[in-house]
Amino acid sequence: MNWETVIGLEVHAELSTSSKIFCGCSTAFGGEPNTRVCPVCAGFPGTLPKLNRAVVEYAVLVGLALNCEITRQCKFDRKNYFYPDLPKAYQVSQLYAPICRNGRLDVRADGEEKSIGIREIHMEEDAGKLIHDARSGKTFMDFNRCGVPLIEIVTHPDLRTAAQVIAYLEKLRETLLYLGVCDCKMQEGSLRADVNLSVRQAGSPPGTRTEMKNLNSFRAIARAIDYETKRQTEILREGGSVLQETRRWDDEKGFSYGMRSKENAPDYRYFPEPDLLPVEIDDAWLNALEKRLPELAHQKRERYVKDCGVSEKEAVIITAHKNVSDLFETLSELSGSPVESAHLVTGEIMRLLNQNNILPEELSPDARGLAFLVRLVSEGKINRNAYKETVEAVFVRGADPEKYIAENNLMMLADDEEAAVAVAAAVAAVLAENPGAKADYRAGKEKAFGFLMGQVMKKLGGSGNPDTARKSLKAALGE
Ligand code: ZN
Ligand code: MN
């Protein structure tokens, strides 16, 4: 039988406004518990919320970037439920008139283009955090996160595979980062994905779905999807039925377990929020926001290839993260050499990020120092090996590039008489020490030249100019 997986996503993104959605408290991550709270976000009776204008603007920017219709008069609703991390016992959210509807995001997965429908984007407030202390058996409550603004981006059930889900999330993250509305740090919970998944026989109506909540890495999401697909398929194959429930994924143990039966909207007794007026988004406001839309990743990719002479492959790597493309643009501007800057960013910088376990969102190198090196290497003042070595010293240890080059004697010898003498001496010494390789080369073994060249460069230390050395070696070998 032909089983098909049907997946819809709900992504919560914490907006990087400086204050909360309905009060002036700070949204900064962490902090001493319960110090970033006030009577409004701590849910004291009798307090009144006041909507943060920036939250509406960020939500509209995301809606525009995701090709949504913007609701000109949107409203807030109360979603009622009791849980200890929610001191108000309701969440202010949007059910009946969310701010954005009917969008789409085009993604590429498994070699295929696919358009993923966005059902809606709504604004809401985040809840606090519970800290379960295993030692004392007690639970502590931290309300600092209460009232941090969120947008929830809900797709239609258009996704079919884990690869499509990851492609969608990557593109969504890229978009939010380029818009500058969310820092997308999954490890800090600023981007959280809930996966709704059901299995059916191809062509049949959708089966019963389960929801997996708060998966906090792309890898965990892909594994959870594979596990849940298998679990549901097995149940259905044996003639059983899937329970509608919320499940928690344990990434360490590699399995999920039922948490509670899944609620439907009526369970929350939604009603219009009486303390907030509808939000009017008029033409002037919308036009001003349209003008604020920044250049997005796919537009940058096109420009890098067309105007900067960067290869398509490199442009993809550079724009995969906003911080990386920011670094590329700064380096190009300061060094005047976009092509060399692209090589540096996609080569050495990527290698050093991986090697040192640095996430692109943590990238903050000395761009001025790196641009200085890009200039030196493109002007032929340091050789490639010295360049790589100095880039690493600047990137990993924050070394001063000029000092580092001077101290390690890495500047290439100028193309003067003194240099020519040094190169000729090195060539003569290498040929004298390696008569075998010399004979091999003369007998037509091209490889021997590379070996001899390597020996010459080694003798010259970091300051050898490879072009001069190559010429001198060829001359000495009688060409
Ligand atoms: Zn507050
Ligand atoms: Mn939500």
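When a residue number appears, it is its place in the shown sequence, counting from 1. All values below were derived from every heavy atom in this structure, side-chain atoms included, with hydrogens, water molecules and symmetry-related copies excluded.
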Donor-acceptor side-chain pairing of Gln299 and Arg303 below 3.5 angstrom: no
pair Asn323-Leu327: side-chain heavy atoms closer than 4.5 Å: no
Closest non-hydrogen atom pair, Leu191 against Ala13: CD1-CB, 3.9 Å
Residue Lys388 excluded, over 12 heavy atoms near NZ under 6.0 Å: no
Counterpart residues, side chain to side chain donor-acceptor pair (under 3.5 Å), relative to Thr346 (two or more places apart): Glu314
Any side-chain heavy-atom pair of Glu340 and Tyr387 under 4.5 Å: yes
Closest approach of Gly30 to Arg36 (non-hydrogen atoms, all atoms of both residues): O-NH1, 2.9 Å
Flag if over 12 foreign heavy atoms under 6.0 Å of CZ, Arg248: no
salt_bridge(Arg145, Asp85) N-O dist < 4.0 Å: no
Taking every non-hydrogen atom, the tightest pair across Leu331 and Ala367: CD2-O, 3.4 Å
Contact summary for Glu211 and Asp194, nearest pair of heavy atoms: OE2-CB, 3.6 Å
Candidate list Thr155, Asp158, Leu159, test side chain to side chain contact (heavy atoms under 4.5 Å, CB included), partner Ile7, passing option: Leu159
Ion pair Lys300/Glu295, N-O distance below 4.0 Å: yes
With sequence neighbours excluded, residues passing side chain to side chain donor-acceptor pair (under 3.5 Å) with Tyr304: Glu329
Nearest atoms (heavy-atom pairs only) where Pro272 meets Asp77: CA-OD1, 3.4 Å
Side-chain donor-acceptor contact under 3.5 Å, Glu389 with Tyr404: yes
Gly254 versus Arg223, closest heavy-atom pair with distance: CA-NH2, 3.8 Å
Validation row: Ile349, Leu344 side chains within 4.5 angstrom (heavy atoms): yes
Residues forming a side chain to side chain donor-acceptor pair (under 3.5 Å) with Ser16, sequence neighbours excluded: none
Pair Gln91-Tyr83, side chain to side chain contact (heavy atoms under 4.5 Å, CB included): steps then yes or no: CA-CA 11 Å; Gln91 178 192 35; Tyr83 201 66; over 6 Å; no
Parallel, tilted or perpendicular: ring planes of Tyr268 versus Tyr270, cut at 30 and 60 degrees: perpendicular
Test side chain to side chain contact (heavy atoms under 4.5 Å, CB included) applied to Ser190 and Phe29, step by step: CA-CA 9 Å; Ser190 20; Phe29 177 76; over 6 Å; no
Option passing salt bridge (charged side-chain N to carboxylate O under 4.0 Å, His left out) with Glu125 (candidates Lys20, Lys88, Arg78): Lys88
Min side-chain heavy-atom separation Leu370-Pro365 under 4.5 Å: yes
side-chain hydrogen bond (donor to acceptor under 3.5 Å, both in side chains) assessment of Thr319 paired with Arg301: CA-CA 7 Å; Thr319 53; Arg301 274 194 284 277; 2.8 Å; yes
